[in-house]
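Only this structure's heavy atoms are used, side chains among them; waters, hydrogens and symmetry mates stay out. Being a predicted model, the structure only gives us computed values, none of them experimental. First listed ligand is number 1; within each ligand, the first listed atom is number 1.
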Amino acid sequence: MSRYAHMAFSFSFFFIIFISFIIPLAFSQLPPQNQIDIIKTISKNISSSSWKTANQNPCFWEGVTCTGNSITGISLSKLGISSTGILTDLCKIDSLQSVDVSNNQISGNPDGFLNDCGKLTGLKVLNISMNRLTGPLPTFSGFPVLESLDLSYNSLSGVIDFQLDGLVSLKNLDLSKNSFGGSVPTRLGKNPGLQKLQLSNNKFSGPFPEKLLNYPNLTLLDLSVNKLSGSIPTTLGNFTNLQTLILSSNNLDGEIPQSLSRMTNLSRFSANLNRFNGAIPPGLTQYLNILDLSYNSLAGLIPVDLLSPPNLQSVDLMKNLLEGEIPTNISSNLLRLRLSENSLNGSIPSSIGKLQGLTYLELEGNKLTGSIPLELENCVKLTLLNLASNWLQGPLPKGLGKLLQLVVLKLSGNQFTGEIPPEISQFTNLSTIDLSRNFLTGNIPSGITSLGWLSILNLGCNNLNGSIPASISGSFSLLEIQLGRNMLGGDIPRMPSSLQIALNLSNNHFSGPIPSTLSSLTSLEVLDLSNNQFTGEVPTFLVQLGSLNRLLLSNNNLSGTLPRFHTWTTVESDGNSDLKAPTPNPSPSPTIVSRIPSPRWKINPIILVAIAAVVGVAIHTVVVAAIVLKVSRRPYRVDKNRGSEENLHQLNDGHLSTADRIHRSNINFRKAIKSVYDPLMF
Ligand SMILES: *[C@@H]1O[C@H](CO)[C@@H](O)[C@H](O)[C@H]1NC(C)=O
Ligand SMILES: *[C@@H]1O[C@H](CO)[C@@H](O)[C@H](O)[C@H]1NC(C)=O
Ligand SMILES: *[C@@H]1O[C@H](CO)[C@@H](O)[C@H](O)[C@H]1NC(C)=O
Ligand SMILES: *[C@@H]1O[C@H](CO)[C@@H](O)[C@H](O)[C@H]1NC(C)=O
Ligand SMILES: *[C@@H]1O[C@H](CO)[C@@H](O)[C@H](O)[C@H]1NC(C)=O
Ligand SMILES: *[C@@H]1O[C@H](CO)[C@@H](O)[C@H](O)[C@H]1NC(C)=O
Ligand SMILES: *[C@@H]1O[C@H](CO)[C@@H](O)[C@H](O)[C@H]1NC(C)=O
Ligand SMILES: *[C@@H]1O[C@H](CO)[C@@H](O)[C@H](O)[C@H]1NC(C)=O
Ligand SMILES: *[C@@H]1O[C@H](CO)[C@@H](O)[C@H](O)[C@H]1NC(C)=O
Ligand SMILES: *[C@@H]1O[C@H](CO)[C@@H](O)[C@H](O)[C@H]1NC(C)=O
Ligand SMILES: *[C@@H]1O[C@H](CO)[C@@H](O)[C@H](O)[C@H]1NC(C)=O
């Protein structure tokens, strides 16, 4: 009995499987002939290979969705389509529910071709983002069930008034990254159930649009990168369904309203790059995951409860006027804490050691005192530790060696004493180490040279003595070595030929002739040997270093005649009493002219700056930008905007990325950043 039951069960089981796999293939019917005709006409203009196949049934073509025997969805994203006619044609397929022609080159004003799509009674999704649409927003008529309209990343302009009135089902509207102006539109279709509204990167001005309360079901509101002014009304708290509120990069001022703390569903609040002032209200982070109030004028103390809620993952209060101490009750789930450039005092709370997931800790530019808490060694996920420019003192704890994931370590501009712990060689992923401007003593630990990703080594302005470890010659990831203003001496080892940004040995006790091994530094832009006791002649191989921008030889004991350098090399040679200026050259040698477009431009600073600016200059990539600026002394002052670049990028992409194409050492960091920020993305 049970055996038969079993067999019967097996049979019916396989039968069902069989049916469910085979039937759709065997019996799926072709769409109606008129739909086939339309889509075949279109296919002639589409470069997608699957649209060129012999399969008679378009339902099998890539990007085509069928329900029953009707075509209901078409996605033609990123196929280089430039014909405006395509939408007119597509919208003849009367069963369509979803049309995606994003990321193409469709140009012109959509007024004409949209009308045809309005007749579709089932169209729910229309995505024309990332094209080249221009002119004003067309007036939508028809579209009885359109729920999602994405026109972002085009060049549409003008004011938005009544154009969307005809849309009665709209739930999701994205007009970001266009050139719309006037006040923020509040007539967004007749559906009070609108859920997502993205208007960032336009030229909207005027006050925060209180009338949006007519859409009480909004869950996402992004008004970033516009020109909104005035203060946020307290009625903001009435948007009880909001989950994401992004007001970054406007001219908003006034206080952050207390009513925000009533918004139980709000998980991300970003209002960075505005002019908010006053104190941060208590309870603000009660329900938040992400808070970004950086680059404002917020003052007073950080509320004691601000960092404590267990749901909190990322807090950024950089560049405000906050004072007092860092609250000690800190959520153990925090991944990122950035309090840089305020006036915080007191010591770094030891409770920070409970934050097992902490990946970014940036406290630069405050008035923090005391020593680095030993508990920090428990934050083993740290990839970025920046405590620079504070009043911290004491030794560098050996336990820091446990922070194996560190990519950037910046402790410069403090009062740290003692030796550099040899444990530093355990940071296998370290790309930037900046311990400059402290009171560190002893030798440079040779382990530092075994860090395979290290590109920036800055130990300048300390009291380090002994000689430079010979093994540095094998550190081919190094781009910059700053050892100026120490008490280093002895033989200068061969330097890695990877050096580009600078080699700074100034203000030390180096003596003897300028070493001939420097001749291999063909990519080097700045060489500072000033304020040592170098003797002998200035070697002519220095002239051959085709990338050299600045050569500093001042205050040594060099003698002979200074060779003639290329016009692009600035040479400082004063304070060498026996050194004679080069004999004036009557006519410029043609070889100099022919060399101008050569190695000096191997890394073109303009391109570098551009890439750095575009890619978004995350925290430590600032290094790259700063370097380029410092080195090339060109008028591209990216660093002034660096905060905004960084923050804009952050709010656009939800995570930080770095200019990984510039230097390989950044690739690791990018991954690390991604892993932290991906879970925070929306
Ligand atoms: C196909 O492209 C040609 C030229 O690029 C254009 O004239 C024609 O209107 C297009 N047809 C469709 C259906 O888009
Ligand atoms: C529209 O298409 C773009 C690019 O393919 C995509 O990123 C975006 O999420 C789409 N919009 C909607 C609302 O799905
Ligand atoms: C808002 O959403 C709720 C729950 O999804 C729904 O019941 C309500 O009808 C919506 N309100 C409006 C105005 O659409
Ligand atoms: C906002 O909510 C409060 C109470 O929750 C209510 O009294 C007030 O009328 C609401 N304001 C608006 C503009 O909806
Ligand atoms: C928060 O969102 C949930 C659904 O995600 C909803 O049920 C609830 O009503 C919202 N809370 C408030 C206060 O609106
Ligand atoms: C720290 O904050 C949490 C969550 O806000 C709270 O439950 C806890 O009581 C606070 N601890 C102390 C010592 O204040
Ligand atoms: C820290 O700053 C606060 C506010 O500016 C001040 O009242 C307090 O005395 C300072 N504490 C120390 C230890 O300097
Ligand atoms: C270094 O980074 C890589 C990827 O970025 C990661 O897989 C690896 O675990 C890191 N090494 C250490 C010691 O953390
Ligand atoms: C370096 O300085 C330390 C004291 O800080 C001293 O003990 C040591 O002898 C010095 N080494 C050299 C090589 O000068
Ligand atoms: C070299 O390092 C010293 C000490 O940090 C610094 O003062 C000097 O400006 C640096 N030289 C160059 C060219 O940057
Ligand atoms: C370097 O020159 C100065 C004077 O210019 C002199 O006093 C000093 O002895 C010289 N040092 C060496 C090592 O030649």
Side-chain angles (χ1 to χ4, degrees), residues 63 73-79 81 97-104 106 123-131 133 146-154 170-177 194-198 220 222 395 412-413 417-420 434-445 456-469 480-491 501-510 524-532 548-555 569-572 626-627 629-633 652-654 681-682:
I74 297 215
S75 172
L76 297 175
S77 193
K78 220 173 183 175
L79 292 173
I81 299 166
Q97 295 173 8
S98 165
V99 174
D100 177 1
V101 290
S102 63
N103 217 332
N104 285 297
I106 302 172
L123 189 67
K124 290 185 180 163
V125 176
L126 180 56
N127 191 345
I128 323 182
S129 77
M130 301 192 220
N131 278 285
L133 302 178
L146 188 67
E147 292 180 357
S148 173
L149 176 60
D150 191 343
L151 298 172
S152 60
Y153 290 84
N154 279 287
L170 200 60
K171 285 188 183 160
N172 178 9
L173 176 64
D174 192 348
L175 302 177
S176 330
K177 196 79 184 145
L194 185 73
Q195 290 169 359
K196 295 184 181 172
L197 177 59
Q198 286 160 277
L220 166 67
D222 185 353
S412 55
T417 50
E419 305 202 349
I420 300 173
D434 187 352
L435 306 179
S436 64
R437 294 181 290 120
N438 279 292
F439 302 121
L440 298 171
T441 51
N443 296 341
I444 300 174
I456 315 277
L457 172 64
N458 191 346
L459 305 176
C461 287
N462 278 290
N463 298 322
L464 300 170
N465 64 4
S467 52
I468 303 173
E480 177 173 16
I481 298 179
Q482 293 283 350
L483 298 175
R485 228 172 264 286
N486 277 291
M487 302 186 307
L488 300 165
D491 288 340
I501 297 156
L503 173 60
N504 188 342
L505 303 176
S506 70
N507 291 283
N508 278 292
H509 300 326
F510 294 112
L524 192 66
E525 299 202 13
V526 176
L527 176 59
D528 191 347
L529 302 175
S530 64
N531 295 289
N532 282 288
L548 204 61
N549 231 311
R550 290 186 73 196
L551 174 62
L552 295 92
L553 302 170
S554 313
N555 305 318
T569 309
T570 315
V571 183
E572 294 174 27
I627 288 155
L629 293 164
K630 195 167 62 186
V631 169
S632 57
R633 309 189 123 250
N652 286 340
D653 281 16
M681 284 181 71
F682 288 91

| query | Can you tell me if CG on N463 sees more than 12 non-hydrogen neighbours from other groups inside 6.0 Å? | reply | yes
| remark: Atoms of ligand 10 under 4.0 Å from any heavy atom of R550, numbered from 1 in the order shown, are 13 (C)
| query | Testing L551, N504, L552, L548 for side chain to side chain contact (heavy atoms under 4.5 Å, CB included) with V526, which one passes? | reply | L552
| request: Under 4.0 Å from a heavy atom of S506: give me the atoms of ligand 10 that qualify, with their elements. | output: 1 (C), 2 (O), 3 (C)
| said: Can you confirm whether the side chains of N131 and N104 place a donor and an acceptor under 3.5 Å from each other? | reply: no
| message | Show me, by chain and number, every protein residue that has a heavy-atom distance under 4.0 Å to ligand 2. | response | S77, S102, N127, S129, M130, S148, D150, N172
| note | In ligand 10, the atoms that come under 4.0 Å of a heavy atom of C461 are 4 (C), 5 (O)
| task | Could you tell me whether a side-chain N or O of D174 sits under 3.5 Å from a main-chain N or O of S176, the two making a donor and an acceptor? | result | yes
| message | Distance check, rounded to the nearest 0.5 Å: I456 atom CD1 versus N458 atom CG? | response | 8.5 Å
| task | Would you give the length of the straight line joining atom SG of C461 to atom CD of Q482, rounded to the nearest 0.5 angstrom? | result | 9.5 Å
| said: So if I count the atoms of ligand 10 from 1 in the order they appear, which ones are less than 4.0 Å from some heavy atom of D528? | reply: 1 (C), 10 (C), 11 (N), 12 (C), 13 (C)
| query | For N504 and ligand 10, does the shortest N/O to N/O distance drop below 3.5 Å? | reply | yes
| query | Can you tell which part of R437 has a heavy atom less than 4.0 Å from ligand 10: side chain, backbone, both or neither? | reply | neither
| message | Under 4.0 Å from a heavy atom of N465: which atoms of ligand 9 are those, numbered in the order shown and with their elements? | response | 1 (C), 2 (O), 3 (C), 8 (C), 10 (C), 11 (N), 12 (C), 14 (O)
| message | Could you go through L220 and L197, starting from their C-alpha distance and side-chain angles, then the distance that decides it, and tell me whether this counts as side-chain contact (heavy atoms from CB on, under 4.5 Å)? | response | CA-CA 6 Å; L220 166 67; L197 177 59; over 6 Å; no
| field | Test item: side-chain donor near acceptor, S102 and S129, under 3.5 Å | value | no
| query | Taking atom CG of L505 and atom CD1 of I468, what is their separation to the nearest 0.5 Å? | reply | 5.0 Å
